[in-house]
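Written below as structure tokens is the structure these notes are about.
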2 protein chains.
Amino acid sequence: MAELTKSQIKRRALVKATIELVNNSGFHAAPMSKIAKIANVSPATIYLYFENKQDLVNKVYIEVKASFTEYAFATYDPNMEVAEGFEVIWKRIADFKLKECEEAMFLAQCDNTPMIDEQSREEGIKHLQPLLDLWERGKKEGKIKPLSDYILYAYAINPLSFLMITQKRGRFQLNEDHLEEAYQSAWSSIKI
Amino acid sequence: MAELTKSQIKRRALVKATIELVNNSGFHAAPMSKIAKIANVSPATIYLYFENKQDLVNKVYIEVKASFTEYAFATYDPNMEVAEGFEVIWKRIADFKLKECEEAMFLAQCDNTPMIDEQSREEGIKHLQPLLDLWERGKKEGKIKPLSDYILYAYAINPLSFLMITQKRGRFQLNEDHLEEAYQSAWSSIKI
DNA sequence: TGTATAAAAATGAACGTTCATTCTTTTTTA
DNA sequence: TAAAAAAGAATGAACGTTCATTTTTATACA
């Protein structure tokens, strides 16, 4: 683990506090004063790190999205077979959504509301490129259905968000079996 | 069309204004004053119809959810074959999400944030019962995979929300072909 | 039918609070 | 000891909500 400067520690505490508060209360009930309190920092200090509240949320979104995709592709290698590549990516994404539940919840909220700028949203999408490339190759090799990327995403990846939120709300418990079933559903919805 | 009293007209205007403003700006940027202005009503008038802002949003959610499920099941008959019943329901849901886009966006936002009470959320889930019953029957008849309702929902229904939002944001255009593809994906992800 | 009147509905202005942000001062770091 | 970082208190704007009043509606009676 790299050494963290005091500045980095403060900034991280702010990011974490923002995620926590927005998850539990929503943007509308996440005042700067509370974010500061949870991060053990003065409200004024936030403005040393971020321009304003909108900038804070945008940056948190972009950083969490980046950390999400970094995790998703960490064990993936573009030379893998299409099927293996997809399985590796899918399972890492599932992993992230279950282990880094707070961050995943935050992303889900951002992705379904006008909370963040359209520009930050665009920025976040870019990071998915390796998955889109894999699908492109899969289509060329006749292994993946020739569907729009959005439809592939809707059926192969996005359901995990719904399951994660449902689990977080305590409506049901996702276990290993469920996950394997979900993976089979995901793969069979896109494979030829 | 039944006659509407002036009261009903005002109340509906308020509900519509809430949906519109929350969709475009988010709960945090939908002040009562603006909702009132869009509905052509005094801010004080809102409090004749709703206890407070939270109550307003909760009630709008419950009513939109009810209208959504009423639409979804309007042409469904519990005596239908499982496959036909599912197709009928799925296509009505798709219809609703595309035609009543504003209402569907609002639901998506509520379902992914702490905007509304847990109690109102529970209330909204109840209306889905006919679909769960259909699945139950389908499992008994060996026509639907013996998966948890949440997983079935995640793969068969929820993807439509993602596609609807993506479409609304102008990222791609959903046409008839896409819809048929999406339906095939949905059905093949739950049928045995 | 037309008018008086009480109740209901609706209003705009006002209230107290909370918020995001800034200002001035203090503390920490280099 | 100068500069940078951080703090708490202060500020003005905006918010949700309420209040005092006006307008509309419904009712009763001529």
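By convention in this document, chain letters (A, B, ...) are assigned in the order of the sequence lines, proteins followed by strands, and residues within each chain are numbered from 1.
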Can you tell me the distance, in whole Å, between the CD1 atom of A/I46 and the C1' atom of D/dA5? 15 Å
Cationic tip of A/R92 above A/F73 ring, under 6.0 Å, 45° of axis: no
Reading 5' to 3' through nucleotides 25-30 of chain C, protein heavy-atom contacts under 4.0 Å coded B for base, S for sugar-phosphate only, - for none: ----S-
What's the closest nucleotide to the B/K53 side chain, out of C/dA9, C/dT21, D/dG16? D/dG16
Can you find a heavy atom in the side chain of B/L107 that is under 4.5 Å from one in the side chain of B/C110? no
Distance-only polar pair, side chains of B/Y150 and B/N158, donor-acceptor under 3.5 Å: no
So what does B/F50 touch, heavy atoms closer than 4.0 Å: a base, only the sugar-phosphate, or nothing? nothing
Would A/I19 and A/F96 show up in the same hydrophobic cluster when neighbours are defined by side-chain heavy atoms closer than 4.5 Å? yes
Does the ring center of B/Y153 lie less than 6.0 Å from the ring center of A/F162? yes
In whole Å, I'd like the distance from the CD atom of B/Q54 to the P atom of D/dC15. 17 Å
Options C/dA10, C/dA20, D/dC15, nucleotide nearest the side-chain atoms of B/Y49: C/dA10
Just checking, is any N or O donor in the side chain of B/E180 or B/Q184 under 3.5 Å from an acceptor N or O on the other one? yes
Could you tell me, to 10°, how much the axis swings from one end of the helix from C/dT1-D/dA30 to C/dA30-D/dT1 to the other, five pairs per end? 20°
Can you tell me the distance, in whole Å, between the OH atom of B/Y47 and the P atom of D/dA20? 18 Å
note: B/D55, atom CG; D/dG16, atom P; distance rounded to Å ~ 14 Å
Check nucleotides 7-9 of chain D against the protein and report each pair of N or O atoms closer than 3.5 Å, with its distance, or say if there are none.
| unit_1 | atom_1 | unit_2 | atom_2 | d |
| --- | --- | --- | --- | --- |
| D/dA7 | OP2 | A/S42 | N | 3.0 |
| D/dA7 | OP2 | A/T45 | OG1 | 2.6 |
| D/dG8 | N7 | A/S42 | OG | 2.9 |

Nearest whole angstrom, please: distance from the P of C/dG12 to the CE of B/M32. 16 Å
What's the closest nucleotide to the B/L48 side chain, out of C/dT11, C/dC19, D/dT17? C/dT11
Donor-acceptor pair between B/Y47 and B/N52 side chains, under 3.5 angstrom: no
Side-chain H-bond candidate by donor/acceptor type, B/K97 with B/S161, under 3.5 Å: yes
Does B/K59 count as lying over the ring of B/F50, i.e. NZ or CZ under 6.0 Å from the six-ring centre, within 45 degrees of the axis? no
Measure the distance from NE2 on B/H28 to C1' on D/dG16 and round it to the nearest whole Å. 16 Å
Judged by atom type as modelled, is there a donor-acceptor pair below 3.5 Å linking the side chain of B/Q109 to the main-chain atoms of A/Q109? no
Using a 3.5 Å distance criterion without hydrogens, assess whether the side chain of B/Q54 forms a donor-acceptor pair with backbone atoms of B/M115. yes
